[in-house]
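A short write-up of the structure that comes next.
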Amino acid sequence: MNSYVATLFILGVIILLTAWLPLALRRLPLSLPICCIAIGVVLSWSPFTPLPQSNPLENVVLAERLTEFVVIVALMGAGLKIDRPPGWRSWTITWRLLGIAMPLSIALIALLGWSVLGLGVASALLLGAALAPTDPVLAADVQVGPPQTGEEDDIRFALTSEAGLNDGLSFPFVMAAIAIASQAGPGAGWLSHWLAVDVFWKLTAGVAMGWLSGQVLGYLTFKVPKAGRIARTGDGLAALGFTCLSYSATELIHGYGFVAVFVAALTLRNVERHSSYHGELHDFGEQIERLLMMLLLVCFGSTLAEGSLLSLVDWRVASVAALTLIVVRPLAGWVSLIGSGHQSAEKLIVSIFGIRGLGSIYYLAYASGQAPFERVDVIWATVFLIILISVVVHGVAVTPVMRWIDNERGVDAMRPINRNAGERGGERVSR
């Protein structure tokens, strides 16, 4: 009973902090994720903590499911708040980041895993695939604002759209790592199945089911007779239903659900771009996302404090972590934006703020449950260290950097949000 009461007390504190901390941190060089991890560390050291003293390797299924859910909620939110209609030319910066920066990042990180950590091919590829995506959960501070608020410059748009798509597009590389780790002997017998199923079918199914789900849900929300429209309810809870339906329908036909959720959100926006109901969907989704993120990062902090993963950190792991964040992502991002026409400062910010996060944990947990990877504990330790450094460094830097670039362009980052013709009294705050 005491443990149950303590859990309720801690949950209540976390929920209140979810609402209050963004306001308190909006002018400080701190982020909500940093505070969450610190809370987890402190709770882990408390004799009354209800948090488990274990690492994710002891229960990869739980780690997979928890991170999976928060990522799909974040993907729906990212898609709903993008005002820019999808297009080849208007999304050029996104296609560059996805087509050049992501594969280059995977290759370079895999090379570091092989040469510095001494990982085999499968494990090195898994490390690269898990760490390449920009996280849609923890990258909230550098993403676009709510729908129809005008807070969508190229920097925020690039990082939002990249985070929305690269979580799903890195999945084929994770599947390749699983295939290599699962095969009995040398050779490339897995390659044809991987190309046909894991690349072509699953990506095609993800895009197609996302578009179809978005069209159907958009029709039910905005196009049926007024009395039966979901939009008439004004209830943002529908966003959670949209997320679960589009994801599960795609996974049932063995497509990539991450791709489908983001595509469904974009399609839903296109069915009716100017409805104020998009704001209700976004606001509810953002609240759920923040709460789930806080809970998971508190557990992340507790896992760090438990120490079994961090005990594996040596100079090799630390070197790979530093090179990944300081060299690999900035270099890959910069190379992908050569010739894009953007200012150097903008290219530098997009290149640097590729935040690693909960999506990486999901990929590791998923792959760890599918195939035996050599030195998998070292992979986990490396990813955890990179996430920790990314959360702290990017969290401290993001507020002053984004305020500086907004001032350079004559934009007030703290201006009141105006949705449609009506005023929304709050301010944009750091998450």
Side-chain angles (χ1 to χ4, degrees), residues 52-69 71 103 105-133 167-199 201-202 251 254 256-258 299-300 303-304 306-314 316-317 319-321 324 356-387:
Q53 301 293 307
S54 62
N55 69 62
L57 276 170
E58 297 174 3
N59 196 338
V60 293
V61 174
L62 180 62
E64 176 189 344
R65 294 309 178 199
L66 291 176
T67 51
E68 176 184 43
F69 189 65
V71 168
S105 296
I106 292 174
L108 292 176
I109 296 171
L111 180 61
L112 287 174
W114 174 77
S115 60
V116 179
L117 296 179
L119 300 177
V121 174
S123 294
L125 181 56
L126 175 60
L127 180 67
L131 286 172
D167 258 312
L169 295 180
S170 64
F171 227 128
F173 298 96
V174 174
M175 299 305 294
I178 293 172
I180 295 171
S182 301
Q183 67 179 1
W190 56 273
L191 188 57
S192 59
H193 179 273
W194 177 74
L195 287 172
V197 177
D198 296 323
V199 177
W201 168 252
K202 291 188 175 183
E251 289 291 320
H254 304 290
Y256 289 133
F258 284 179
C299 294
F300 178 81
T303 299
L304 292 176
E306 184 265 342
S308 61
L309 284 179
L310 288 186
S311 67
L312 299 171
V313 173
D314 56 14
R316 297 177 184 84
V317 172
S319 298
V320 170
T324 297
R356 315 296 96 174
L358 298 178
S360 298
I361 298 177
Y362 167 77
Y363 282 128
L364 277 188
Y366 175 83
S368 298
Q370 297 293 317
F373 287 88
E374 68 170 304
R375 304 191 68 192
V376 69
D377 53 347
V378 174
I379 303 176
W380 277 91
T382 305
V383 169
F384 263 55
L385 180 62
I386 289 173
I387 293 173

[X] side chain near [Y] side chain, heavy-atom distance below 4.5 Å:
X	Y	result
F384	I361	yes
F373	I178	yes
L364	L127	no
V317	L312	no
V376	V378	no

- request: Please confirm whether the backbone N or O of E64 pairs with a side-chain atom of T67, one donor and one acceptor, at under 3.5 Å?
  value: yes

message: Quick check against the 3.5 Å criterion: does Y256 have a side-chain atom that pairs as donor or acceptor with the backbone of V199?
response: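 Side chain of Y256 to backbone of V199: no pair is present.
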
field: Partner residues of E68 under the side-chain hydrogen bond (donor to acceptor under 3.5 Å, both in side chains) criterion, sequence neighbours left out
entry: R65, Y247

Pairs where residues 372-382 contributes a residue and the test side-chain hydrogen bond (donor to acceptor under 3.5 Å, both in side chains) is met, not counting sequence neighbours: S368-W380

Over all atoms of both residues, closest heavy-atom pair of [X] and [Y]:
X	Y	value
P56	T303	CD-CG2, 3.7 Å
S360	V383	CB-CG1, 3.9 Å
I180	A122	CG2-CB, 3.8 Å
Q370	S182	O-OG, 4.3 Å
M175	K202	CE-NZ, 3.8 Å
P133	A129	CD-O, 3.3 Å

message: Just to verify, what does P103 make a side chain to side chain contact (heavy atoms under 4.5 Å, CB included) with, not counting sequence neighbours?
response: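 Side chain to side chain contact (heavy atoms under 4.5 Å, CB included) list for P103, sorted by chain: empty.
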
Once rounded to the nearest 0.5 Å, what's the spacing between atom [atom1] of [X] and atom [atom2] of [Y]?
X	Y	atom1	atom2	value
F258	L169	CZ	CG	12.0 Å
L126	L131	CG	CG	9.0 Å
Y362	F69	OH	CZ	13.5 Å
L119	L112	CG	CG	10.5 Å
I379	L309	CD1	CG	12.0 Å
W190	L195	CH2	CG	7.5 Å

